Enquirer: 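Questions regarding the structure given below will be posed in turn.
Lettering follows sequence order; numbering is per chain, from 1. Owing to the predicted nature of the structure, the values given are computational and were not obtained by experimental measurement.
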There are 2 protein chains.
Amino acid sequence: MHIEISPQDGVPIYRQIANQVKYLIASGRLKTNEELPPIRVLAEQLLITPNTVVKAYHELQSEGLVYKRRGAGTFVADTKSPLARREQKRILIGRADALLSEAKQLGFTFDEVLEMVRSRQSALDKTAGKEQSDARPRG
Amino acid sequence: MHIEISPQDGVPIYRQIANQVKYLIASGRLKTNEELPPIRVLAEQLLITPNTVVKAYHELQSEGLVYKRRGAGTFVADTKSPLARREQKRILIGRADALLSEAKQLGFTFDEVLEMVRSRQSALDKTAGKEQSDARPRG
DNA sequence: TAAATTGTATCACAATACGGATACAATAGT
DNA sequence: ACTATTGTATCCGTATTGTGATACAATTTA
């Protein structure tokens with residue numbers, strides 16, 4: 001599994017790892033029940049402390065994206081399972097609420113927020129076009 | 001200007017202040033060019049250090065909500081002005097991008113995100129109904 | 001059962017965030 | 001010009017966060 005980190009990019013290393021794993025799962029490059037690199041292995045590969053990988057994997061677990069079995073390893077959870085799905089939705093709801101309440105405080109209407117979200121989606125689609133054509137699950 | 005803070009509510013004091021001022025502005029209770037309490041005054045009123053108020057006012061300034069004039073005071077900016085509006089939009093775009101990229105990483109479709117945003121807006125409308133009926137700008 | 005492999009827990013250190021005390025600088029108002 | 005008022009800058013102590021080093025515990029595998 002290929003992961004790249006850039007120390008002091010502002011975003012913590014453990015979060016960089018978690019985000020990239022999330023992307024690998026969502027894009028289908030990591031399939032359900034597939035094993036992630038053991039904590040020590042990934043730590044050695046990235047030249048960081050195992051603790052940081054622990055934190056990354058823990059975050060993924062708390063979001064229902066992976067499960068861990070002592071002595072066996074860390075594996076991709078069934079992200080389509082109701083439980084995992086519910087947990088993921090809970091996280092997104094937090095982001096949506098942040099956006100909406102901030103917008104309200106700044107005096108934006110709901111329609112303006114909707115329009116902005118649509119516009120950003122188009123923007124992100126375009127800039128991510130190259131990788132995405134290759135990143136979509138092919139099953 | 002009435003502001004209430006609750007220390008160690010998890011959210012930092014300076015942010016509590018900034019948020020409440022934002023709300024007062026968005027709701028029309030603070031009008032364009034109206035003066036905010038001087039830093040020292042608000043600090044004494046809230047029994048906190050002036051530094052914390054400085055930080056709150058600075059955040060508001062960076063979002064284009066207030067402007068400061070040394071020796072004169074801190075005033076509500078024209079939040080409808082293109083410059084302020086653009087700055088505010090820049091902040092909301094950040095939140096929207098966070099929501100969209102997180103959703104994509106978790107394998108949600110854009111339509112699901114839209115549906116969620118609509119649903120959360122309804123929820124927030126209901127829970128905030130009482131205050132909002134009185135807080136909407138009446139001009 | 002024994003050894004190897006895996007995740008877990010604990011302690012330690014550096015950097016950052018938050019809040020506080022004090023001194024400084026620019027402007028307003030007289 | 002002088003004084004009062006306002007925002008600004010600097011230094012400090014504490015708490016939290018991010019990362020690292022090391023020892024521990026459970027499970028797998030032979």
Enquirer: Is any side-chain N or O of A:Thr52 closer than 4.0 Å to OP1 or OP2 of D:dG20?
Expert: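 Checking A:Thr52 against D:dG20: at least one side-chain N or O falls below 4.0 Å of OP1 or OP2.
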
Enquirer: Would you confirm whether A:Gln16, through its side chain, and A:Ser6, through its main-chain N or O, come within 3.5 Å as a donor-acceptor pair?
Expert: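 At least one qualifying donor-acceptor pair exists.
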
Enquirer: Examine C:dG19: is either OP1 or OP2 under 4.0 Å from a nitrogen or oxygen in the side chain of B:Lys55? Give yes or no.
Expert: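 No.
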
Enquirer: Does B:Arg29 qualify as a cation-pi partner of B:Tyr23, given the criterion of NZ or CZ under 6.0 Å from the six-membered ring centre and within 45 degrees of its axis?
Expert: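 Judged by the rule (NZ or CZ under 6.0 Å from the ring centre, within 45° of its axis), B:Arg29 is not positioned above B:Tyr23.
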
Enquirer: In whole Å, I'd like the distance from the NE2 atom of A:His58 to the P atom of D:dT19.
Expert: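 Checked: the NE2 to P distance equals 15 Å.
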
Enquirer: Whole Å only: how far is the OH atom of B:Tyr67 from the C1' atom of C:dT27?
Expert: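 Whole-Å distance recorded here is 15 Å.
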
Enquirer: Does B:Arg118 make a cation-pi contact with A:Phe110 (under 6.0 Å, within 45 degrees of the axis)?
Expert: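 The answer is no, since B:Arg118 fails at least one limit relative to A:Phe110.
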
Enquirer: Hey, what are the protein-to-nucleotides 6-8 of chain C N/O distances that come in under 3.5 Å?
Expert:
unit_1, atom_1, unit_2, atom_2, d
C:dG7, OP1, A:Thr74, N, 3.3
C:dG7, OP1, A:Thr74, OG1, 2.9
C:dG7, OP2, A:Ile39, N, 2.9
C:dG7, N7, A:Arg40, NH1, 2.8
C:dG7, N7, A:Arg40, NH2, 3.4
C:dG7, O6, A:Arg40, NH2, 2.2
C:dG7, N2, A:Arg70, NH2, 3.1
C:dT8, OP2, A:Lys68, NZ, 3.1
C:dT8, O4', A:Arg70, NH2, 2.9

Enquirer: Under 4.5 Å between any side-chain heavy atoms of A:Ile17 and A:Leu42, yes or no?
Expert: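 A:Ile17 vs A:Leu42: side chains touch.
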
Enquirer: Over how many whole Å does the gap from B:Glu44 atom CD to C:dA21 atom P extend?
Expert: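 Atom CD in B:Glu44 sits about 13 Å away from atom P in C:dA21.
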
Enquirer: If the test is side chain to side chain contact (heavy atoms under 4.5 Å, CB included), which one of B:Asn33, B:Val21, B:Leu65, B:Leu36 qualifies with B:Val76?
Expert: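 With B:Val76 as partner, side chain to side chain contact (heavy atoms under 4.5 Å, CB included) holds for just one option, B:Leu36.
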
Enquirer: Distance-only, no hydrogens or angles: does the A:Gln20 side chain make a donor-acceptor pair with backbone N or O of A:Glu4 under 3.5 Å?
Expert: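 Such a contact is found between A:Gln20 side chain and A:Glu4 backbone.
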
Enquirer: Round to a whole Å and report the spacing from CD of A:Gln16 to C1' of D:dG18.
Expert: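 Roughly 12 Å, once rounded to whole Å.
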
Enquirer: Using atom CG of B:Leu47 as one end and atom P of C:dG19 as the other, report the distance to the nearest whole Å.
Expert: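 Between P of C:dG19 and CG of B:Leu47: 15 Å.
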
Enquirer: Expressed in angstrom and rounded to an integer, what is the separation of B:Tyr14 atom OH from C:dG20 atom P?
Expert: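 Atom-to-atom, B:Tyr14 to C:dG20, this comes out as 14 Å.
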
Enquirer: Write down the distance between CG (A:Leu42) and P (C:dT5), rounded to a whole number of angstrom.
Expert: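 In whole Å, C:dT5 P lies 18 Å from A:Leu42 CG.
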
Enquirer: In this structure, how many angstroms lie between the C1' atom of D:dT19 and the CD1 atom of A:Ile5, rounded?
Expert: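 Taking CD1 of A:Ile5 and C1' of D:dT19, I get 11 Å after rounding.
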
